[in-house]
Every structure is written in C-alpha cells, then in structure tokens.
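Chain A is the first sequence line, chain B the second, and so forth, proteins listed ahead of strands; every chain is numbered from 1.
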Number of protein chains: 2
Amino acid sequence: MDDFESLRIFVCVAEELSVTGAARRLGKSPSNVTTKLQKLEANLGAELLVRTGKRISLSHAGEAFLDYAAKLLSLRAESMHVVSGGRTPGTIRIGSMEATAASRLPDFLASFNTAFPAVRLELGTGPSMKLMDDVRSGRLDCAFLAIPPSFLDSALSDRLEVLDLVFQDAWEESLVLLSPRGIADQQDSTVRTLAAFPPGCTYRRIAEETLNIPESDDWTIQETSSYHVMVALASTGRCVTVLPESVLGTMKIPETLISTPLRRVKTQVTWRKGYGTPAFDQFLGHLSGTDFG
Amino acid sequence: MDDFESLRIFVCVAEELSVTGAARRLGKSPSNVTTKLQKLEANLGAELLVRTGKRISLSHAGEAFLDYAAKLLSLRAESMHVVSGGRTPGTIRIGSMEATAASRLPDFLASFNTAFPAVRLELGTGPSMKLMDDVRSGRLDCAFLAIPPSFLDSALSDRLEVLDLVFQDAWEESLVLLSPRGIADQQDSTVRTLAAFPPGCTYRRIAEETLNIPESDDWTIQETSSYHVMVALASTGRCVTVLPESVLGTMKIPETLISTPLRRVKTQVTWRKGYGTPAFDQFLGHLSGTDFG
DNA sequence: ACTTTTCATTTCCAAATAGAGAATATCATG
DNA sequence: CATGATATTCTCTATTTGGAAATGAAAAGT
C-alpha cells in the first residue's frame, strides 16, 4: 500500500461498488481509479475486488482491508486535526440512542453546527450497550446513552471505572407508559404485549423490569425498529409501549392512547478517557453550555 | 500529510534526532529527508521539529504527531499482514513481567523464532497492571502477566470480562521468599525491609499481602529495578525479597541466602478479544504446544 | 438477434513529483 | 580561527501520476 489517496479511493469504490461512481465522487478520472486500485492490490499481494464481468464486489480480503483503510483514514484525519491545533477541520462521530436522536439531538446539533461550522458531525444510532462498545473500540468518538438503573445498583458501577470510559450526565428523560385508553392500571391490564426495540435497548430493559416481564411469562414482546411503529402498534389497542416523554412530544398521539409516567432515567454522554481533540472539546463545552430543561 | 514514507521518515528522524542519521538508516539522501519533512510540516500546517542551530528536537506538536505516526505505521503493517494472509511479514509486540522476560521467555521466544523466522518479535517489560492497559490500548498485542489472587477473589473476576481482553493460563510460578540465613520464620524475622519492584508489580503485591505489610507499619520497602539488585540487597542481610523460583534458577545465589516457598501464582497471557493476525495465531499455537514443566 | 448504453480497463502523453548529488550556510569544536 | 559536522537549498534526471481518448466487454433496450 502506498499512500492515503489510494486508501480513500479504495474506500470510495467499496462504498459505491463502482469505479466510475467513485471517480465522479472523488473528482478523478476512472482510469486513475482503476490504476490506483491495481497498484494497491499489487502492493498488498491480494485481490481486494472481485471483477465479475463489469460489476465489482468486495473479496474476503477486501472486506478485511476496508476496515483497516477506514481506521487509517480516520486516524490520519484525527492526527492532522490535533496537530494543527484545531485549524484543520475536525470530525466528531456521535452515537446515540434512537430516542435521543429523535428528540434532543436535532436542536442541539443544529445549534452546535451554527456555532462551530468547521466541525463535521456524523451521527449513528444503536442500543446503549453497542454504543458503549463502539466508543471503546474507537468506532465512535462519543455516545449518548442510558445505563439501566439495575446496572448502577449492581457491581457494574464499579466496572464502569475500569472501562477507560468517562461518563457525564447530560439530562434526564421522563419515561412514560403509552397504553390504549381504559387501561389505567398497568398491572391489571388485559393487554399483555409490549412493543419495544430489540434487546440491548435500555428503555426496553427498564420497561421489562417495571412491568415484571421477565418473571411473568404471559407477556410477549413485539420488536419494532422505530418509535413510529411502536406508537402505531399501540394505537391498534393490542399492546403497550414505553418511551421518553421528549419523544412523545415530537409526535402526534391519537386520542385513544394515554400516557402514564413510569420513572426518570438519566441520559449520559460517554467518551474514551484521555480523548480530546480540539473539535471534541468544543463539543463538550457546547453541551455543558446548553440547557435541556 | 501525504504518504506513509513521510511518516516513516519522520519517525526515524524523531528517534535519531538527526537528519543524516535517519537518512543513513533509511538508505536515503539527507536532502530527501529534509524535503520530506518540510513537506510534511507544510501539509500539517505545524512545526514538527524545532531547529536550533544544527541540532533538532521535537516540538510539542511533533511529540503528539509521533504517537499518531507510529500508530498509523503499525496499523498499516498489520493490515498488510492480515490481508496477505500471513505472507507479508508480521510483528508481535509482546509485553511481559520482568520475571517472565528473565526466565521463561528467552527459550520460548528463541524456539518460536526458529519455528517462524518470518515473524518479528518485540518485547518490553512492565508491571502487570500497565501491561493490561497497554494491551487494551493497542500498544501491545499481548502480554504475559499475573493477576493478584486477591483480585480474583474480589469482584474483579467479574470486571475482567468487561475489558474485552481474553486471558489464558500459561503456566504456574512458584513464588519463594529469599531471606538471609538464620531467619527461617519470616513473621518473627528481625529484618523488616522488603526489596521489591515499584507498585503495580503483582509479585510485590503478593509479598505485601503474605507478609501483612499493609497492616503493620514497621516494614519499609526498598524499591529496585531488577532482580539482580534485589538479590544483591538481600545478600547484605538487611532485607528479604520475593521472586519466582524460575528466576532464581537463572541466577547464582550466595550461600548466605535461603529460600522458602511462599505460594504458587498463575502466569497468564492476555490479548484483545477478536485480535487475530496470522502471526499471532501461530504464536498462540506455539505457546499451547510448549511445555513449561 | 441486434443495437445501444454503460462500465472497467488500457494506452498514450503531459505534468508533477521524488530523489540523488553538489553547493551553501550554519553551528559546534579543537 | 580553522575544521568538521550538519541541515538546507539548488539543480537535474528518472519515475510516477493522472487525465483524455481508445478499447473491450457486459448489460439493457428494441
């Protein structure tokens, strides 16, 4: 492998799965892209791409190398950003729970962006546990997540120190139970289905604990992929669901549904101990200076 | 920053603190080195080196960038090694306790090296806790260390799972107390000085626990930097010391010293979960196939 | 079945870049 | 003050890069 340009080209081709597409996106001629790819493969002594006719796809080695290439590129960008003291544009890769991305982040990120237009923001969502993992491994720079209260009681509060992660309280969410009208008393409800995100979601976990779902086996869980689906399912009257009040505020809720407060849960930001690029410091500063009511 | 060649040059210059020296080591002309450095600095928009007269030293930014450069280079080497399926030469960065490096590793590494001459080995020593940290952060690929038994009893056995590290038993060391002759009973010894490595060393910790040093404050600890010094100090009759029997076997011990068994301690190898380059797989295989009696 | 379009690759040429050597400037040292 | 060591600048050549057009080959359209 020779230079970073080749890596950028390869990553681009791998994303587009097209030489011409990548060439267009990079403002280069296709011939250039082809040649660079060939040289890269020659230097690595391995086929990165499988050419079947005129379509291309990633080989096994290509998949593996794509990981490395992405890591190398982001590490280089970070190094340039840090060394230049922030003059070079920085990127912040943010992870967040679905709920946070839906309710709190849009405004906040917009405000941060106007304050620091030079900083590029990348946002992805996932369950809290995966977020923590992604921050630890460096795939994310920071994440907004919630630690299940049951974890905090247990020995995990101890464990968190050992993760090399720093946690900082951001704000509190008020978790509410959304149920079809006429079922005020949750425990006695005849509805025994919970619509929730896949396992790993902290709010789902809290919902399960509060409703004693693990112990009683007459509950079924309907897994969904978005809050809109969750509300839609609840609207049918066949299930209840749990979500933060702030998310509720961003949606139109049918009259047939009523919400009852469940409990409050802290949202925290986490990042690797010692991680501090100029861009990220600005981000944290902006976060502290923002009031989330 | 442009290509990896510039990084290699910069790292080399930073190590030699000399342009001509680096040029010689890299088989390049000094002019080439100078030009590359200047271009690198121009691209980064920061001074990496401080030129005071004809001597050069690293600037603050240079120090920071050196870290990144080293990381980028080793990541590139790893990617090439992995992608080529092991045909490209691989490197294994091994960390180990002082004791292991002195007794078990020389033979083992030699035997591994003859079996797999293509794999480059790097070895550094440090206290167990630092080793764990270095493996986690990727500065090391694996480490030979000992977990204090008191940790295993406590909640830490739990914690270890969460570190994303894999642990594997390698062998057991027999820890012995080395004391001046005539002080068979350790507890009643008039000698109240322990020669040991700085804090962080597991064997020191075990020694402290066994001798009840934390509780009784009439002990003093003499910190040393090598087993030879430890034995030399004990030879004077003024202190006792604790070390593995296997280390003892590599040294000439004066007649005035006697050793009494203390306890057995497991040595473990650890590496990041999911880390597996061809070279490292061979290393682990060779380790499993070796008998350490 | 034949043409057209789309795409990757190859060829060719001009421009940029890298790299060695000689010359220069600058600082230590005897 | 001269000498030797060292970084840098300059200059010239070999190599590499990268785009335009040509080629070939596979889908898509008729």
| Would you say R51(B) reaches dT8(D)'s phosphate, i.e. side-chain N/O to OP1/OP2 under 4.0 Å? |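 For R51(B), the contact criterion (side-chain N or O under 4.0 Å from OP1 or OP2 of dT8(D)) is met.
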| task | Starting from P on dG21(C), measure out to CG on N32(B) and report it in whole angstrom. | result |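 Going from N32(B) (CG) to dG21(C) (P), I get 11 Å.
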| D3(B)/R8(B) under salt bridge (Lys or Arg N to Asp or Glu O under 4.0 Å): CA gap, chis, key distance, verdict | CA-CA 9 Å; D3(B) 55 16; R8(B) 233 181 83 222; over 6 Å; no
| field | 5'-most by nearest nucleotide on DNA chain C - S31(B) or G21(A) | value |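 Result of the comparison: G21(A).
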| task | Would you kindly compare R24(A) and I9(B) by the position of their nearest DNA chain C nucleotide and give the one closer to the 5′ end? | result |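 The residue whose closest nucleotide sits nearer the 5' end is R24(A).
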| Quick one: are the ring centres of F10(A) and Y68(A) less than 6.0 Å apart? |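 No; Y68(A) has its ring centre 6.0 Å or more from that of F10(A).
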| K36(B) bridged to E5(B) by N-O distance under 4.0 Å |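 No salt bridge links K36(B) with E5(B).
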Can you tell which of [options] lies closest to the side chain of [X]?
X: T20(B); options: dA7(D), dT9(D), dG19(D); answer: dA7(D)
X: Q38(A); options: dT10(C), dG18(D), dT8(D); answer: dT10(C)
X: K36(A); options: dT9(D), dA7(D), dG18(D); answer: dG18(D)
X: K39(A); options: dT17(D), dG19(C), dT9(D); answer: dT17(D)

| task | Check step by step if side-chain contact (heavy atoms from CB on, under 4.5 Å) holds for D141(A) and Y275(A). | result | CA-CA 8 Å; D141(A) 297 320; Y275(A) 180 74; 3.3 Å; yes
